[in-house]
2 protein chains.
Amino acid sequence: ALVIKGLNKSFVMGDAEVKALDNINLLIAHNDYIAIMGPSGSGKSTLMNILGCLTTADAGSYLLNGQELATLNDDQLASIRNQYIGFIFQSFNLQSRRTALENVMLPLRFSKVSREEATIKAKALLERVGLAERMEHCPSELSGGQRQRVAIARALINEPTLILADEPTGNLDSNTSEEIMRLFDELHSNGQTIIMVTHEPTIAAHAQLTIQLEDGQIHEISGIHYE
Amino acid sequence: ALVIKGLNKSFVMGDAEVKALDNINLLIAHNDYIAIMGPSGSGKSTLMNILGCLTTADAGSYLLNGQELATLNDDQLASIRNQYIGFIFQSFNLQSRRTALENVMLPLRFSKVSREEATIKAKALLERVGLAERMEHCPSELSGGQRQRVAIARALINEPTLILADEPTGNLDSNTSEEIMRLFDELHSNGQTIIMVTHEPTIAAHAQLTIQLEDGQIHEISGIHYE
Ligand SMILES: Nc1ncnc2c1ncn2[C@@H]1O[C@H](COP(=O)(O)OP(=O)(O)OP(=O)(O)O)[C@@H](O)[C@H]1O
Ligand SMILES: Nc1ncnc2c1ncn2[C@@H]1O[C@H](COP(=O)(O)OP(=O)(O)OP(=O)(O)O)[C@@H](O)[C@H]1O
Ligand SMILES: [Mg+2]
Ligand SMILES: [Mg+2]
């Protein structure tokens, strides 16, 4: 479960301050499937970066499975990320000099998984997102939607319990988007927790409930919670 | 007008060949507003790169306002781009060490426009896309949708006659997307030619007609042509 209380995050530039998150309170249970929507610039990616242990808040508490993350150092946060979290970035963050296959295998580099097994898992994931014939391409040799799918596959290879997807279908046509949504539904029914930022209502509809963010604050929550 | 005949484009990797565009024929009149849709990987961005004089085809002809572009060298293509074309890239391609304002002004750097006038124009465009308060931010200090809007503003500063927009609303919420569509409608009613790749049917609906691309070929054209 994720318990967020009084989360605040600002960016300071000279004497100007941008308040990206303003007193966020949230409770997300294990195996929830949550969508986050809101205007461009409203704080969605900033919230996801804190949930994903990529950055820390200025104030407030973040309990992940009972552990307070606000006070951890970078190494401790990295360890939690590697074990439990799969993050699909809004701008993909792929390594430009490595192939799709190498990119997907990267998260397992320092794990106990053997290279053979990592290769098998990576190929299966790339096939699953429709990139069987693009495994040896580097990002510059891929279309926008293909890069997005490499980022999706990479986020899933360590079998994370918490999946954070920031605009996972932003560059995908409707058929490919549905394919990804089927994949997410499958992961959800396997017990994984999914938090997904999207600006498309038809994508958000796959989640159990939708949180609306606006100017760094939670404005409303809609949808069925716990069928 | 754009006249494309028998356009072909392949990417060769070792002994594998990816046929990205397969015998494309197209006629787009001055002041047309065209949407291009199709599956991820179907060749949309590749076609846009050729239309935008960023790359050349392997075979076929591309006449832009009566001039054959297939045989031009890089400098000649760059000159045409600077004068007539505004390109909004699927992955934005902003300069990371410059502010939003500097990024938008870049296309006018070697033009006859004075620095003062370029600054006024850039500020007006950034205000128009809702970024008045983010002009001094660099790309890493902007949200995904804010970067996208900087890319849109930059593409418009040289008052291009041909606007090529590759997924211009991919990272934008519905309100901000409508704002951008209003801007495009305005440009269109001012006489500009707009070719827009999108995967969202509600965005494509703003165009006069929609071209469907699939496996590098044009599969169908729908919509009202010349009311
Ligand atoms: N430099 C390259 N080398 C090899 N293959 C390439 C290269 N660039 C693109 N491709 C391939 O060409 C095909 C068309 O790519 P393109 O970027 O035009 O697709 P697209 O329709 O824009 O897709 P998307 O909707 O995902 O952005 C893809 O299958 C892609 O893998
Ligand atoms: N490093 C930074 N320095 C200053 N301001 C920042 C920085 N990073 C983000 N911001 C600002 O914080 C606000 C929230 O950004 P965030 O990326 O969380 O928005 P978002 O909801 O994900 O938007 P989008 O839908 O466009 O992706 C934005 O107004 C942005 O300009
Ligand atoms: Mg974002
Ligand atoms: Mg593309």
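Residue numbering restarts at 1 for every chain, and letters A, B, ... go by the order of the sequence lines.
- Sparse packing is recorded around CG of B/D74, with 12 or fewer heavy atoms of other residues, nucleotides or ligands lying under 6.0 Å away.
- Between chain B and the options A/E141, A/R147, A/Q148, A/Q90, the largest number of non-hydrogen pairs under 4.5 Å is found for A/Q90.
- Counted within 6.0 Å of CG on B/D215, heavy atoms from surrounding residues, nucleotides or ligands total 12 or fewer; the atom is thus considered open.
- Using a 4.5 Å heavy-atom threshold, the side chains of A/R149 and B/S40 count as touching.
- Annotation for B/K5: atom NZ does not count as buried by contact number, only 12 or fewer foreign heavy atoms lying within 6.0 Å.
- Counting heavy-atom pairs under 4.5 Å between each of B/M37, B/H137, B/Q146 and chain A puts B/H137 at the top.
- Using a 4.5 Å cut-off between heavy atoms, A/T46 makes no contact with chain B at all.
- For A/S143, the part lying near chain B is the side chain, with the backbone staying farther off; criterion is any non-hydrogen pair under 4.5 Å.
- With a threshold of 4.5 angstrom between heavy atoms, A/E133 does not approach chain B through any atom at all.
- Between the side chains of B/N171 and A/E167, no donor N or O sits under 3.5 Å from an acceptor N or O.
- Contacts with chain B were tallied for A/G145, A/S91, A/P39; A/P39 has the most, counting heavy-atom pairs under 4.5 Å.
- Contacts of A/V18 with chain B are made by side-chain atoms alone, with heavy-atom separations under 4.5 Å and no backbone atom involved.
- Proximity to chain A (any heavy atom under 4.5 Å) is restricted, for B/E200, to the side chain, taken from C-beta onward.
- Pairing each heavy atom of A/G38 with each of B/D173, the nearest pair is O-CB, 3.7 Å.
- Proximity to chain B is limited to the side chain of A/T176, based on heavy atoms less than 4.5 angstrom apart.
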